[in-house]
Amino acid sequence: MGLPPPAPLLLGLLLLLGVLRPLWGDLVFIPAFIRMTGPAVSASLVGGTEDVTVSLALLQDKEGLLPTPACGALTNETGDWSLTVTPSVSALDVTVRLKRGLQGCSANETDPFSEPPCIVQTLLVSASHNSSCLAHLLIRVEIYANSSLARNASENVTVIPNQVYQPLGPCPCNLTAGACDVRCCCDQECSSDLTGLFREACFTGVFGGDVNPLFDQLCSAQGAPEAPGWFPFLCVQSPLANSPFLGYFYHGSVSSRPQASAEVYLHTDLRDFSDFGYKQGDPIMTVDKAYFTIPQVSLAGQCLQNAPVAFLQNFDVQCATRLEVSQERDGIINAKIKNGVLGGIVTPRVIYEEATDPDKFITRTETLLSNGSAPRNVNVEEHYIFRWNNNTISEISVKIIRVAINAHQKGIMTQRFTVKFLSYNSGDEKEFSGNPGYQLGKPVRALNANRVNNVTTLHLWQSAGRGLCTSATFKPILFGENALSGCLLEVGTSENCTQLRENAVELLDSLIQATHVAMRGNSNYNDPSDGWVEIIRADAPDTDTGADPSVSVNGVCTDIPARLHVRILSSDAGAVEGITQQEILGIETRLSLVNWQFQCGLTCEDKADLFPVSASVQFIKIPAQLPRPPTRFQINFTEYDCNRNEVCWPQLLYPVTRYYQGEPYSQCVAKGLLLVSFFMLAVFLSSPWARTCQV
């Protein structure tokens, strides 16, 4: 809807004044013109706002002419409109709001904006001082009846239609809006003439619109054309509404909106069963009936300061926090923890150590000048060792590494928290990764038979900072978890290809320094014959022959090791007390070679380039035993194969077999036995059986 002829002139003057007045330091509305299509709009009044009065007026345009703005008798309440002024920093926030609803507006629900607007008005907001006009805001109101902002909507409830029996997408092949999709016979946009062109080649199944297909074993379904009439012998009677392709909706009509809260409450009703012993995964409790908490990392990567410690669950996490908001954790000294026996208490034994390299934990430091401020200690590492005996805790040892910093020092601090549960009678022997089979998430145990000090696990890189290999730390390879890690190797301009090749091989070999890995989680380190398999190293490049030139043509180094592939074969090896035990059957390492060229600009300055190296771990699970070979019947009578024919003999009595998933198998067996009993009773009461008894 266009503006009257004088309106563009007034609008242009207001916009021109709105651009120039801030430069002069005068009052001005930003923006100076607003087209309003909803129930409320806002603007800002900037400039010298002291002793300024803001008022609202409804302009009555007669014969397309707007009256001259005046600041005589203006008010904040004009009919259906209200004006709200909120002071802010060097400005005033002005809000104009519609007070009444739009129940009186009638509209066509299927045609949102084809009808004329329900409300068409012109509002003028003026800023004055001592009845002298200083600034104006022109608002053109055009609100439609079908506008989503104009409806009387509630923010507390959401209306959800009851569509529990409506399929989710009645015509999945209808992919183009406003056009006919070829071979989509359920498309309502296809005319009868167009449908006749491809009626014989329509899409079938769910994609073609058959969103409630009948499965073969349904009693109401027609049998396959080539199947005999007696198959299946038993069928399933089920209503058509019971279909897996129906949408999943709520039955109710109103759903309350969740209330936002700044605080998160976990386990408001604490259930303390620690007096009767802990179970794996139970939270460790204190005598105050509270959780014993240690900072941990959530699934979203955030550091939770008050995360409960679970019984028999180890973890090793790192949290980054700012020094100015970090809190001291000295409550561990006075903590009294329940040991799992009624009335039993265990007190942690704490040992403090000073960090030798504070710069390793604190980065981007900034010290503020202050007089007389005493230094304070912050914990950078906390290591907890819990000794357990059956379902109780016998001892808790804590080692805290701390750093002394300035009281007003700023920076980023990286803290490390580890929790390890050990048996009460365990010494310095290596920790098991399972008993006897591996547990998911436990380190893969390794052994180097060529060294006195044997390594205990395989490693990957854990990069930090710039991602350089020189600053990267190691993390163990965990059983059953595929992983990928890498770092950047600095290469100087003075290094040749042979030296680069040797450095890359040495760097990748540092991850796998073992010769054997344990098949089981409890293989004995002192007995190499107790379930240890040798690591197969395939295609290891020979860097000692000197066959490759030190500098290749055009500065390109060929056959540089860039990636280490570790493939581990595992399988199920039985079960202990119903728990599946997994073991490692073999392991292979392989290096991938690439061609690499030193990258520099017009002139190669004395600046190092970065060569990326990476390592990947893949666990491949193979079957514990060979698949069951086909029977002689399956080999000779292929016409009864379930996958290739209409008749499937294993599903002849479908409702009482394991193929039927509609009910528990025990109920299916009970119904099958009841059916057999009815059959035997019918045979017993039949006339041939009665004649046999008479004879």
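Small disclaimer: the values here were computed from a predicted structure and weren't measured. We count residues from 1, following the sequence as given.
To the nearest 0.5 angstrom, Arg567 atom CZ is 12.5 Å from Asn482 atom CG. Here the straight-line distance linking atom CD1 of Ile568 with atom CG of Leu585 works out to 11.5 Å at 0.5 Å rounding. For the atom pair Arg140 CZ and Ile34 CD1, the distance stands at 14.5 Å (nearest 0.5 Å). With rounding to the nearest 0.5 Å, the separation of CG in Leu124 from CG in Leu138 is 6.5 Å. Rounded to the nearest 0.5 angstrom, Asp181 CG and Cys173 SG are separated by 6.5 Å. Within the model, atoms CD1 of Ile477 and CG of Leu460 stand 4.5 Å from one another, a figure rounded to the nearest 0.5 Å.
Judged purely by atom type and a 3.5 angstrom limit, Thr195 has no side-chain atom pairing as donor or acceptor with the backbone of Ser192. In this structure, Gln296 contributes its side chain and Pro308 its backbone to a donor-acceptor pair below 3.5 Å. In terms of modelled atom types and a separation under 3.5 Å, the side chain of Ser433 and the main chain of Pro443 share a donor-acceptor contact.
Listed here is the closest heavy atom pair of Cys202 and Arg199: SG-O, 3.3 Å. Gly441 approaches Leu478 most closely through the heavy-atom pair O-CD2, 3.5 Å. Across every non-hydrogen atom of Leu83 and Leu56, the tightest pair is CD2-N, 3.9 Å. Between Glu583 and Ala573, the shortest heavy-atom distance links the atoms CD-CB, 3.6 Å. Residues Ala615 and Leu511 come closest through the heavy atom pair CB-CD1, 3.6 Å. Annotation for Gly434 and Gln439: closest pair CA-CG, 4.1 Å, computed over non-hydrogen atoms.
Two residues are said to be in side-chain contact when any heavy atoms from C-beta on lie closer than 4.5 Å; Thr95 and Thr86 fail this criterion. Annotation: side chain of Glu189 is in contact with side chain of Asn174 (closest heavy-atom distance under 4.5 Å). Side-chain atoms of Val444 and Pro476, non-hydrogen and from C-beta on, never get closer than 4.5 Å to each other. Val617 places none of its side-chain heavy atoms less than 4.5 Å from the side chain of Glu481. Inter-residue side-chain proximity for Gln582 and Leu440 is flagged as met; some heavy-atom pair is nearer than 4.5 Å. Proximity of Trp461 to Ser614: side-chain heavy atoms (C-beta onward) are nowhere separated by under 4.5 Å. Within the 4.5 Å cutoff, the side chain of Arg35 has no heavy atoms near those of the Val41 side chain. Inter-residue side-chain proximity for Glu588 and Ile620 is flagged as unmet; no heavy-atom pair is nearer than 4.5 Å.
A cation-pi arrangement is present between Arg183 and Phe203 under the rule of less than 6.0 angstrom and at most 45 degrees off the ring axis.
In this structure, Phe479 and Phe619 have perpendicular ring planes: the angle between them is above 60°, well past the 30° mark.
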Margin query: Does Val297 form a side chain to side chain contact (heavy atoms under 4.5 Å, CB included) with Gln318? I'd like the steps, not just the answer.
Written below: CA-CA 8 Å; Val297 177; Gln318 291 184 349; over 6 Å; no
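SG distance check for Cys184 and Cys171: not under 2.5 Å. Between Cys190 and Cys180, the two SG sulfurs come within 2.5 Å of each other, short of that mark.
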